[in-house]
Amino acid sequence: MENLLNQGVGLALFGMVTVFSFLTLLILATRLMSFLVSQIDSEEESVLVDEDSLPDSSPPIAVIAAAVTYYLSKKQS
Amino acid sequence: MENLLNQGVGLALFGMVTVFSFLTLLILATRLMSFLVSQIDSEEESVLVDEDSLPDSSPPIAVIAAAVTYYLSKKQS
Amino acid sequence: MENLLNQGVGLALFGMVTVFSFLTLLILATRLMSFLVSQIDSEEESVLVDEDSLPDSSPPIAVIAAAVTYYLSKKQS
Amino acid sequence: MNQLWTFWQSTGLYLLTLDQLIMILIGLLLLYLAIIKQFEPLLLIPIGFGGILSNIPGVDIAVGNGVLAQFSAMGLDTGIFPLLVFMGIGAMTDFGPLLANPKTMLLGAAAQFGIFSTLLGAIAMNEIGMFDFSLAQAAAIGIIGGADGPTAIYVSSVLAPELLGAIAVAAYSYMALVPLIQPPIMRALTSRRERKIRMRSIREVSQTEKVLFPLVLLLLVALIVPGAAPLLGMFCFGNLMKECRVVARLSDTAQNALINTATIFLGLSVGSKLVAEEFLVGETLGILGLGIVAFGIGTMTGVLMAKLMNLFSKNKINPLIGAAGVSAVPMAARVANKVGIESDPDNFLIMHAMGPNVAGVIGSTIAAGVLIQFAA
Amino acid sequence: MNQLWTFWQSTGLYLLTLDQLIMILIGLLLLYLAIIKQFEPLLLIPIGFGGILSNIPGVDIAVGNGVLAQFSAMGLDTGIFPLLVFMGIGAMTDFGPLLANPKTMLLGAAAQFGIFSTLLGAIAMNEIGMFDFSLAQAAAIGIIGGADGPTAIYVSSVLAPELLGAIAVAAYSYMALVPLIQPPIMRALTSRRERKIRMRSIREVSQTEKVLFPLVLLLLVALIVPGAAPLLGMFCFGNLMKECRVVARLSDTAQNALINTATIFLGLSVGSKLVAEEFLVGETLGILGLGIVAFGIGTMTGVLMAKLMNLFSKNKINPLIGAAGVSAVPMAARVANKVGIESDPDNFLIMHAMGPNVAGVIGSTIAAGVLIQFAA
Amino acid sequence: MNQLWTFWQSTGLYLLTLDQLIMILIGLLLLYLAIIKQFEPLLLIPIGFGGILSNIPGVDIAVGNGVLAQFSAMGLDTGIFPLLVFMGIGAMTDFGPLLANPKTMLLGAAAQFGIFSTLLGAIAMNEIGMFDFSLAQAAAIGIIGGADGPTAIYVSSVLAPELLGAIAVAAYSYMALVPLIQPPIMRALTSRRERKIRMRSIREVSQTEKVLFPLVLLLLVALIVPGAAPLLGMFCFGNLMKECRVVARLSDTAQNALINTATIFLGLSVGSKLVAEEFLVGETLGILGLGIVAFGIGTMTGVLMAKLMNLFSKNKINPLIGAAGVSAVPMAARVANKVGIESDPDNFLIMHAMGPNVAGVIGSTIAAGVLIQFAA
Ligand code: NA
Ligand code: NA
Ligand code: NA
């Protein structure tokens, strides 16, 4: 019984700390994200959702291949 | 075979009686329900579906607690 | 390994022949279908989807019964 | 060459049996009835198409891990699909006309004679040595007389899954044939004067009554015929969602996306039961024959009950609306209206017939509950 | 005669126990609350109706192969239904107000004190010998303080399925009671001057930020509290589908047909847990009592955190919006607005309160992740 | 301190492996392609997001009782999700242009060379010792050349579930890249004069033909390639529901709520296959390489077949529409139209290209049936 109480207090403290830490980090991450977006947006017009755009000429699918290759080469060495 | 015939006749009779009894009771219950509704409706305006209403000040959730308490007290005695 | 190569070449040839044969037959079947439809349509007005039509007086459900009967009679003989 | 021979042996041309060919033709016939004759297309198109798929040789569709076998295991063997369809029908049903004139429920009771006389008919066929139906099978056949598709499918999935295909096909086909089956019987049993009876206009029913009715109905079922509670429970739940008006989004989904999805899956699952070994048997003929008798008797007893009630009541009922008691919503109510107009072009019976029509749904569900409880 | 006796023994009238009668009455009470008082009707109507169905004697509905037992096994025991509901809520959530003023996330963090103090309260009840809750059970009870329905159901399905019925009923009931529970606490903890604080107008948030936010959130969860990833993952997925604007048809289905279907099934499944043996126990009283304390403490700590933040910041926060940090979206935000208007009829707090309101959802999901990871 | 250590060991920061990090980045890349580049977003958003969820360490999402593992077991391993998507596509397909000019089906046949040459390519990679693909794996890779998402997923779920993630990613990525891959090949193989060929205007097709076509197609499949019957059967069923016009509510649900729900679940399930151990292997590189070759060869053979047909026919076909035979509906047809307009701004090929485009779907389904029957 004593043990359960200890466990409970521990879990409660720890849980509350985690929730606070998480949301504090989220505030920082969100601010950083918003800051970066505002920097990029001021440089160029919004890149999002251009209905008429077709894929451009440097297919980023190649990046997947590159990532896998790189990963495999590192693994083998 | 004879047995199946007996069973079948019994089930048919019994089923038909049940259907009739049920719907007769349902007529009575419906009439009673409509009568009670008309009585209540004539006293007050329709209580149903008032979009703006917020829960009133005597939370009926307490009734659940009361019901469980009452039930438990009876059970223990 | 050699075996897999053989299997692969066989499957590829055979698959391509099947795809071609199938679609060639489908061309023929489609043309036949369109021809028959045009013949029937020229005789009568379109029979499809007449919203007001009720089932007519010769219930084709009888055909199911007839089919089953015929089938069973042949099977028993 | 060897590979060509293997291929030839894998084709439908080589593998197709006569049984399968006949079943495919029956599937095409059901599609024809559904599309051209507009026989209950919502169910008969999936059933017919599923029937064709199930009889394609050389591939597992309705058996093993086939997709229709999986649909069937998921929602037909478990009863889930017919119950979801029934919930959706509940969410589309208006009990107003019934609440305005509750005594017409008796018409919905009387028309269920069709169910029980068909049950007896099936047993009589046993007696004369034609078939060998068990009590459960006879009960499942009887439910065709309930003129209610999901109820028929649910009951046969419980009592006689091996007859499900034939029973579902018979139930939906005869429901579609109601405009042919009923009018001659209705005319034969009524005088022209009776057919001209005008009924009093229907009172307006308050929303409170409509909200309370599914609960009253459910509680009465719980107290008297618990076996009907799964079917009627889902039906009443759908109806309550509709009438309470505070969960419009749920009611909307129950009436559209959910019932449509369940109908597609239910139809395909029923179609998966149209395999030759189960369908091309003498019993199917017996079921088709008994089914039409069931509809006839239900129509008859509905009309006769209306005439009987008129002997004791001063507010006369037009006996034509008794025929609507078989269910077959809303077809049977429309037929009552149509036959009524033949005798008096200004006498619109449709609203009066909706009462017994939905009462017939309740009645056949109660009958179903009794059969499941006592014939299983 | 014998058959009549058998029939009588099959009726609900004969079989009904006092427990079942009480549970049916509780089911009717939930329907009354949902329909007349409009207590979270989307969930309480299916829960209440399911509760009635589950207590009908003599037929398997919530047990064995009954339809509600099957729904429950399919989507409640597996967590699928609450996760789908959560995905749909994600697709309906606008993080704009939160992104405009991220520091209000702290309010959503503070209000989760309700969860953990309730956990301690449950353990305290053990200490004084009232109950015998395990740590997992205490954690599941605590989550009621999260004021978020699907999260509460998900957590209890993992940690304490035997308490699920009572916890779900308590969570939804108290969420509906937020307009009664919160205002007195909010008024007691704030001065009239504080309640009149006007907040700066909210900046416009770009679409790019809205698209990136669910991904930032998910990645942070993945790195820190993986246990919250199933819940928050489905939530962020729904939100991304909405905000990215290139899959409007998927987002539309997630917000309508899919969430509605999942809600119907989830509610009925929760209802299937309202069987007498599990619900009519002393623990239910404890849960109901602890639940209201949880809401009260969450409200309190939310408001106090706002006051604390005002000590260190020049852009003052109206402490009323701290109460919205409990979640109970969007009810708690509306309550904050309403109480604010009492003091200053021109001070509309609703948009400012939406930030902590959705932060409260994130906060309780993180708390849920911690509880699942460490109390299981 | 001990507890902090336990917590630290439970975080993603501690648990994350390099493999998982790479896979999460690949998931983010897929989302970028889907949202910014609009690469088949309907599938790539769920796949990419599912891929991220599946690589979060310390929690069961794509394994064990995790929600994505359950979706996958429910509908991907069983084939149900791709079949439902295919049914919905059938309900959205108009066979009119194909029926108006049936001989263009040959273009849809020719373009399937891409499938079989890729199969040979995979085996050739074995021969030179790069990989060790089995016949079933080679066949599953080949189906990428079918340029049809649900078909590719269905076939790989049957023949090579271990490659499903890579195959699905490749198939959808290359389908999105069709506007880049096809035009150079089309221009290289045709003269400017050929590209200017104007085709005769398309005859109007009667509704009767449209209703009968899915049945004719299904029966031919049943007789010749039963292995394709599950896929083509569901496709034809969807199309029949649309064209018969008597079940508009079912067709509507198949085209909206049902296909959207199936797409969400299918995408997440495919995402659950993007776990590092299965995706970060050399085979994935081989699959990506072979996939682009498959699209190229399919385009080539489609165009060449059109030129071949022109040798024997007086009604000349514009060879650009041959490229639409690869499927990739409707992207490939649009590309044919666009390349045609380059040479003659008044020559609209889109309707002519829709015929081979949907014929390509039929063709790849037949190819899939052959592969499933003979490579399993
Ligand atoms: Na009936
Ligand atoms: Na919360
Ligand atoms: Na293709």
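- Rounding to the nearest 0.5 Å gives a distance of 12.0 Å between CG of A:L36 and OG1 of E:T208.
- Of the two parts of A:V9, the backbone and the side chain both hold a non-hydrogen atom closer than 4.5 Å to a non-hydrogen atom of chain E.
- If you take CZ on A:R31 and CG on E:L99, they are separated by 11.5 Å, rounding to the nearest 0.5 Å.
- In terms of heavy atoms, E:I123 sits closest to A:G8 at CD1-CA, 3.4 Å.
- E:I366 CD1 to A:F22 CZ: the interatomic distance, rounded to the nearest 0.5 Å, is 3.5 Å.
- Note that CD of E:Q373 and CG of A:L11 are 11.0 Å apart. Values are rounded to the nearest 0.5 Å.
- The side-chain heavy atoms of E:F213 and A:L26, taken from C-beta on, include a pair separated by under 4.5 Å.
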- Item | From CA spacing to verdict: side chain to side chain contact (heavy atoms under 4.5 Å, CB included), E:F374, A:T18 | CA-CA 12 Å; E:F374 296 98; A:T18 307; over 6 Å; no
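- Both the backbone and the side chain of E:A110 have a heavy atom closer than 4.5 Å to some heavy atom of chain A.
- Between A:A29 and E:L220, the shortest heavy-atom contact is CB-CD2, 4.5 Å.
- If you measure heavy-atom distances from E:V221 to chain A, the contacts under 4.5 Å come from both the backbone and the side chain.
- Comparing E:L135, E:L212, E:L119 by heavy-atom pairs within less than 4.5 Å of chain A, the highest count is held by E:L135.
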- Item | Verdict with supporting geometry, E:F116 and A:V19, side chain to side chain contact (heavy atoms under 4.5 Å, CB included) | CA-CA 11 Å; E:F116 297 102; A:V19 170; 4.1 Å; yes
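- If you measure heavy-atom distances from E:I362 to chain A, the contacts under 4.5 Å come from the side chain alone.
- Of all the heavy atoms in E:M305 and A:F20, the pair that sits closest is CE-CZ, 3.0 Å.
- Residue contact with chain A, scored on non-hydrogen atoms closer than 4.5 Å, is absent for E:A138.
- Of the atoms belonging to E:L106, heavy atoms from both backbone and side chain fall under 4.5 Å from chain A.
- Atom OG1 of A:T30 and atom CG of E:L217 lie 8.0 Å apart (nearest 0.5 Å).
- Smallest separation of non-hydrogen atoms from A:V37 and E:S206: CG1-OG, 3.7 Å.
- The heavy-atom pair separating A:L23 from E:A109 by the smallest distance is CD1-CB, 3.4 Å.
- Rounded to the nearest 0.5 Å, atoms CZ (E:R203) and OG (A:S34) are 5.0 Å apart.
- Both the backbone and the side chain of A:M16 come within contact range of chain E, judged by heavy atoms closer than 4.5 Å.
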